[in-house]
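Presented below is the structure to which this report refers.
Not measured: the values here are computed from a predicted model. Numbering of residues begins at 1 and proceeds along the displayed sequence. Both ligands and their constituent atoms are indexed starting at 1 by order of listing. Hydrogens, waters and symmetry mates play no part in the numbers below; they use all other heavy atoms, side chains included.
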Amino acid sequence: MQKWLRKWVRKFEKPLTVLAGAASLSFLLLNFDFNFLEANLYDMRVSRSYSQPPNPEIALITLDDNTIKTLDEFAPLPLKHHIRFLEKIAEYQPKAIGYLIDMNPVFQMKGEATKAQVGKLVSAIQNLKNQHIPFLLGTPFDVTGEVLPPVGLEGVDHAIAVVHKDGNVFAEDKVTRRALLSLYERPSFHLLFARKTGAIGENEFPPGTFYVPQVDGKYFFFRYHQSTMVCRENCSHQYNRYSFADVLTGKISPDLLKNKLVLVGTLSSDDSSDYALTPYAKTAFLNPKIVVHADILDSILKKEGILRIPGAINTGVTFIVTSIVLWWILTSTPLWGVFATLSLALTFIIVSHLLFQFYGWWIRESQPLVGIFVSYYLAVPYRLIREYKKRWDYQRKHEILMQVEELKTNFLNLVTHDLKTPVARIQGLAEVLMKRTGDRLLPPERETLKNIFSSTEELNHFISSILELSKVESNRLQIQLASRDINQLIEKSITDLQTLATHRRIKIHSNLEPLFPIKIDPALISKVINNLIDNAIKYSPEGGEIQVRSYEEDDWLVVSVQDQGIGMSEEEKQNLFTRFYRAKNDTTTMISGTGLGLYLTKYFVEAHRGFVDVDTQKGKGSTFRIYLPLSDATINKLPKTHSTFFKDKLDLAQKENSDVSSPSGR
Ligand code: ADP
């Protein structure tokens with residue numbers, strides 16, 4: 001692979017993985033329809049969504065058992081009653097009548113369909129027409145798709161009236177979700193009835209209409225009225241419903257049916273499971289088919305068919321949600337990954353429910369939801385493998401580093417130990433030579449001898465620092481705590497360094513507040529104070545002044561060393577406590593040093609659960625302060641004055657130095 005391409009792929013590895021994963025997953029899911037799951041999710045939307053109350057314009061007249069009993073007849077109700085009913089209903093002046101009673105069994109009754117009777121029925125219907133009351137007969141159809149009105153009624157307006165069940169396609173569970181709008185280009189009962197009332201144009205179809213070539217028919221997903229699904233009887237949100245017998249006997253007040261769209265049908269509850277959508281509704285729902293007919297009609301009248309979102313958009317949605325999940329899983333913490341995935345699934349369900357509820361948009365939920373969970377279950381192990389590999393790499397690197405570190409420490413130990421003895425011998429011999437022949441030597445020779453002496457001193461100092469460092473790094477440092485007055489240690493350091501200071505004409509002032517003894521390792525703290533004063537002398541110009549102070553601040557004991565020396569830039573200050581760090585400027589290159597003093601200072605102070613703070617300004621001088629806790633409780637409180645530079649370092653130190661006596665936690 002080209003170098004630039006490899007670099008580019010490495011740079012965008014995560015987004016590329018996410019996009020490739022999401023694209024292939026969406027493509028894969030495209031091949032599955034998840035119809036059963038989708039149907040259940042569809043039903044959930046239908047049954048959970050708030051729906052408007054049933055259309056008050058629609059009135060249902062039901063031919064129930066009560067009617068048969070009142071009229072002292074047997075089912076099917078004889079034709080004469082139908083004739084009387086149609087004659088009677090004209091008096092109520094309805095807007096239109098949809099007759100959903102199958103007349104075939106009535107006509108098949110012995111002696112019923114005499115020419116005179118059929119003539120009477122047709123003329124009753126004609127009478128309605130004359131009064132401008134449209135009449136439409138809903139008829140069943142046979143397997144050939146032929147609409148079959150009984151012989152003699154062919155001239156009456158009729159259309160196919162069926163309640164479709166999802167039998168062969170979609171969920172195949174015999175639940176009614178969609179309604180037939182036309183068959184062989186002939187409008188169904190509901191569409192024709194709505195057209196007759198003028199609510200919908202002659203060639204118009206409700207939104208969401210789709211063509212099914214296998215049956216040469218048009219369908220649409222209609223809206224159920226929730227109340228019709230779960231309500232048993234006498235519900236407030238119900239279609240106005242009257243009994244066939246009451247109309248016949250004129251028991252209904254004359255204006256109740258005026259200008260209503262009247263649907264007449266039988267009342268049987270044996271079809272309830274056809275269109276009951278929820279398990280609860282399946283048992284509770286006792287509404288007859290006529291209510292479903294009314295719901296279909298109502299959906300057409302209100303033009304509120306469900307719009308199926310195109311497949312491309314569904315795939316796009318699947319792609320987006322899977323991308324989000326994959327990205328979250330690959331980039332965030334596992335807990336957040338779980339939380340975010342569940343929230344995304346929930347948000348998606350809520351949004352799609354709202355779109356369904358308010359706009360009638362049906363986004364397929366199954367693919368995106370399956371996408372969300374599948375991508376989660378694929379991404380988690382993928383991430384684990386990646387993380388394991390990374391950890392393995394780190395471990396290898398760490399092991400190598402440890403080996404290198406050990407080698408280095410061993411080497412330093414070896415060299416410094418071996419150097420220590422000859423250096424001490426040179427120093428001793430130089431001293432002896434000085435004592436024995438000092439007054440006999442010429443001044444330049446004496447100067448050379450002095451140089452040998454001071455160089456060995458420097459070398460000694462260097463060797464001690466390296467030994468100290470190797471002790472610290474190999475965690476061999478032991479703290480020996482003892483109660484001491486820190487002022488005594490300061491005074492001793494000043495006395496020890498006085499010669500050096502005088503040599504450089506530097507004055508050391510001390511201002512030491514009387515202090516109670518505290519528990520410290522006197523050897524280590526002496527080294528710290530020595531180093532700070534030594535640095536102050538080294539990095540101050542000749543004739544400068546140094547202030548050494550000790551005082552209590554809140555619950556801390558503070559030792560500060562202030563000089564008027566070269567100071568430091570912000571960048572130098574940042575690196576100050578790194579081992580072997582020495583600022584690069586004219587003064588430091590002239591002065592010998594190891595770059596270890598402050599590193600060890602910080603380590604020793606933090607081993608006491610304290611911290612070091614520094615204020616410095618280039619060319620103006622520096623103030624180093626060490627803070628030592630007066631008691632164990634102190635470390636939880638911070639002094640108001642300490643600079644933010646050390647705040648994080650202190651937190652770290654507190655975490656790491658959990659035990660004063662064993663700083664091996666580092
Ligand atoms: P050394 O003094 O041996 O170089 P240190 O660790 O004590 O090592 O100091 C590290 C560096 O910090 C020094 O090289 C110097 O650049 C800078 N430094 C330390 N103390 C001071 C000071 N008082 N004023 C200015 N620079 C200082």
> Residues two or more places apart in sequence or in another chain: which of them pass salt bridge (Lys or Arg N to Asp or Glu O under 4.0 Å) with K14?
Replying inline: none
>> Using the salt bridge (Lys or Arg N to Asp or Glu O under 4.0 Å) criterion, which residues pair with E445? Sequence neighbours excluded.
In response: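 None.
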> Can E513 and R549 be counted as an ion pair, charged N to O under 4.0 angstrom?
Replying inline: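 Not counted as a salt bridge, because no side-chain N and carboxylate O are separated by less than 4.0 Å.
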>> My understanding is that only residues two or more places apart in sequence, or in another chain, count here; which of them pass side chain to side chain donor-acceptor pair (under 3.5 Å) with Q617?
In response: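 Testing Q617 for side chain to side chain donor-acceptor pair (under 3.5 Å), a comparison that skips the adjacent residues, returns none.
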> Who's touching ligand 1 if we go heavy atoms under 4.0 Å?
Replying inline: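 If the criterion is a heavy atom under 4.0 Å, then ligand 1 touches N531, N535, K538, Y539, D563, I566, G567, M568, L576, Y581, R582, A583, T588, G593, T594, G595, L596, G597, L598, S622, F624.
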>> Check for me whether the distance between the ring centres of W556 and F611 falls short of 6.0 Å.
In response: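 Yes: the rings meet the under 6.0 Å criterion.
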> Is it true that atom NZ of K408 has more than 12 heavy atoms of other residues, nucleotides or ligands lying nearer than 6.0 Å?
Replying inline: yes
